[in-house]
Q: 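Please see the structure below; I have some questions.
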Amino acid sequence: MFTLPTALSLLLLILSPGWAELDDKPREKRQSDKLHVTLLYESLCPDTRNFMHQLGPVYKEFQDYIDILLVPFGKAQSERNGAIFHCQHGPAECKGNRLQGCVINSTANQAAQVQFVVCQMLAPDYSRIDQCANEAGLLTDVVQCLSSETGTKLQLQAELVTKKYSPSFIPTIVYNGVFDQQLQDHSLRDFRGTVCYLLRQRNLLPSSSTICQ
């Protein structure tokens, strides 16, 4: 069973004056000069964990060219407007999805979001929540978010984004808001190569760049 570590309670500092009011619509940000990547995943998924070994180093190398949206929901389902969530890998995964949604929402810094998610997904259990948050420079009121309507709204928002693509496999990687099965298959095998292919195809690399050579 998932339990929050007591050490985390000592780290609860709020980054901003308060949680922003959430829009009910999926927030898929677009930056025209970057490749937009939406990652649909779930917190206890073995295939997602395997993909994290690619996501970490690839995002670190290409963060100037990637605009990423991390969506922790996967094949979960909600009932009664978020009163109940059912997750593919059980209640612990629902709590993990909710926790990751809360931490991701605490910062607009995508590098910190990715660093936390990769660290937490590759940890053996949830005992490293505080360590992963610290390493990513994130000190936030996670407990407040988890136990409040904010955590529920974030999961419902993640559900809206996920259902837009109706993924048959988790993780699902979507580029520029359009799912492509061939790109999905290539991404699971070679995320870096797929990113380079798309950056070149869309002329998003400066002519002087050697990053994909």
Side-chain angles (χ1 to χ4, degrees), residues 26 28-77 87-90 92-93 96-97 100-101 103-104 109-125 128 132 135-136 158-213:
E28 294 196 71
K29 297 174 290 184
R30 292 285 185 268
Q31 295 186 28
S32 59
D33 60 338
K34 291 190 175 186
L35 177 66
H36 183 81
V37 180
T38 300
L39 176 63
L40 309 177
Y41 73 100
E42 52 197 15
S43 65
L44 293 182
C45 172
D47 291 311
T48 297
R49 179 170 292 181
N50 288 337
F51 183 71
M52 291 296 152
H53 291 287
Q54 294 194 74
L55 177 63
V58 171
Y59 182 81
K60 185 174 182 179
E61 182 180 9
F62 289 91
Q63 59 185 296
D64 291 339
Y65 305 99
I66 293 177
D67 176 39
I68 193 164
L69 181 66
L70 301 167
V71 187
F73 195 80
K75 294 185 178 180
Q77 294 181 335
C87 296
Q88 182 175 203
H89 299 96
E93 181 166 80
N97 290 345
Q100 293 205 19
V103 175
I104 290 168
N109 185 326
Q110 293 183 6
Q113 292 174 353
V114 171
Q115 185 176 350
F116 171 81
V117 168
V118 170
C119 176
Q120 183 57 62
M121 289 295 299
L122 295 181
D125 53 42
R128 289 184 59 191
C132 291
E135 289 177 0
E159 183 176 26
L160 283 176
V161 176
T162 303
K163 283 187 173 181
K164 177 180 177 181
Y165 302 106
S166 301
S168 60
F169 182 83
I170 298 298
T172 285
I173 305 98
V174 180
Y175 297 97
N176 291 335
V178 179
F179 175 75
D180 182 291
Q181 187 63 56
Q182 189 173 18
L183 291 176
Q184 161 79 1
D185 295 342
H186 282 300
S187 296
L188 293 174
R189 293 193 300 268
D190 182 9
F191 183 44
R192 186 184 188 279
T194 306
V195 167
C196 277
Y197 165 76
L198 291 170
L199 288 174
R200 288 192 184 113
Q201 185 188 59
R202 288 160 174 76
N203 295 316
L204 296 174
L205 290 176
S207 57
S208 59
S209 174
T210 60
I211 194 169
C212 285
Q213 294 180 1

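Everything numeric here is computed off the predicted structure, so don't read it as measured data.
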Q: Decide yes or no for Ile211 and Asp64: does some side-chain heavy atom of the first lie under 4.5 Å from some side-chain heavy atom of the second?
A: no
Q: Check the pair Asn176, His36 against side chain to side chain donor-acceptor pair (under 3.5 Å), reporting the backbone distance first and the verdict last.
A: CA-CA 5 Å; Asn176 291 335; His36 183 81; 5.9 Å; no
Q: Do any N or O atoms from the side chain of Gln184 and from the backbone of Pro171 form a donor-acceptor pair under 3.5 angstrom?
A: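 The answer is yes, because a donor-acceptor pair under 3.5 Å joins these two groups.
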Q: Quick one: closest heavy-atom pair of Gly177 and Val174, and the distance?
A: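 Closest heavy-atom pair between Gly177 and Val174: C-CG1, 3.8 Å.
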Q: Suppose we screen for side-chain hydrogen bond (donor to acceptor under 3.5 Å, both in side chains). Which residues come up paired with Ser187, at least two apart in sequence or across chains?
A: Tyr175
Q: How far apart are the closest heavy atoms of Leu39 and Ile173, and which atoms are they?
A: CD1-CG1, 3.9 Å
Q: What residues form a side-chain hydrogen bond (donor to acceptor under 3.5 Å, both in side chains) with Gln88, not counting sequence neighbours?
A: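 With sequence neighbours excluded, Gln88 shows a side-chain hydrogen bond (donor to acceptor under 3.5 Å, both in side chains) to Glu42, given in chain and number order.
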Q: For the OG atom of Ser166 and the CZ atom of Phe179, what is their distance to the nearest 0.5 Å?
A: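 It is 10.5 Å, given to the nearest 0.5 Å.
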Q: Are any of the side-chain heavy atoms of Ile68 and Leu55 separated by less than 4.5 Å?
A: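 Contact flag for Ile68/Leu55 side chains = yes.
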Q: For a quick test of reading the model, state the closest non-hydrogen atom pair linking Pro167 to Thr162 and the distance between them.
A: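 Smallest heavy-atom distance, with atoms named: CD-O, 3.3 Å.
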Q: Tell me if a side-chain donor or acceptor on Glu159 pairs with a main-chain N or O of Ala76 at a distance below 3.5 Å.
A: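 Looks like no, no N/O pair under 3.5 Å.
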Q: Is there side-chain contact between Leu122 and His53, with at least one heavy-atom pair below 4.5 Å?
A: yes
Q: Is the closest side-chain donor-acceptor distance between Asn97 and Glu93 under 3.5 Å?
A: no
Q: Quick one: closest heavy-atom pair of Met52 and Tyr41, and the distance?
A: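 Where Met52 meets Tyr41 most closely, the heavy atoms are CE-CD1, 4.4 Å.
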Q: Where the side chain of Arg192 meets the backbone of Glu61, is there a donor-acceptor pair that is under 3.5 Å apart?
A: no
Q: Is Arg49 reaching over with its side chain to a backbone N or O of Met121, donor-acceptor style, under 3.5 angstrom?
A: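 Yes.
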Q: Can any side-chain N or O of Gln115 pair as donor or acceptor with the backbone N or O of Glu135 at less than 3.5 Å?
A: yes
Q: Would you mind reporting whether Cys212 and Phe62 have side-chain heavy atoms less than 4.5 Å apart?
A: yes
Q: Side chain of Lys75, backbone of Phe169: donor and acceptor closer than 3.5 Å?
A: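 Not confirmed, Lys75 side chain does not pair with Phe169 backbone.
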Q: Are Val114 and Leu70 close enough that some pair of their side-chain heavy atoms sits under 4.5 Å apart?
A: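 Heavy-atom side-chain distance check passes, below 4.5 Å.
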Q: Can you tell if the side chain of Ile66 reaches within under 4.5 Å of the side chain of Leu199, non-hydrogen atoms only?
A: no
Q: Find the distance between CG (Leu160) and CZ (Phe73) and round it off to the nearest 0.5 Å.
A: 9.0 Å
Q: With a 4.5 Å cut-off on side-chain heavy atoms, are Val37 and Tyr59 touching?
A: no
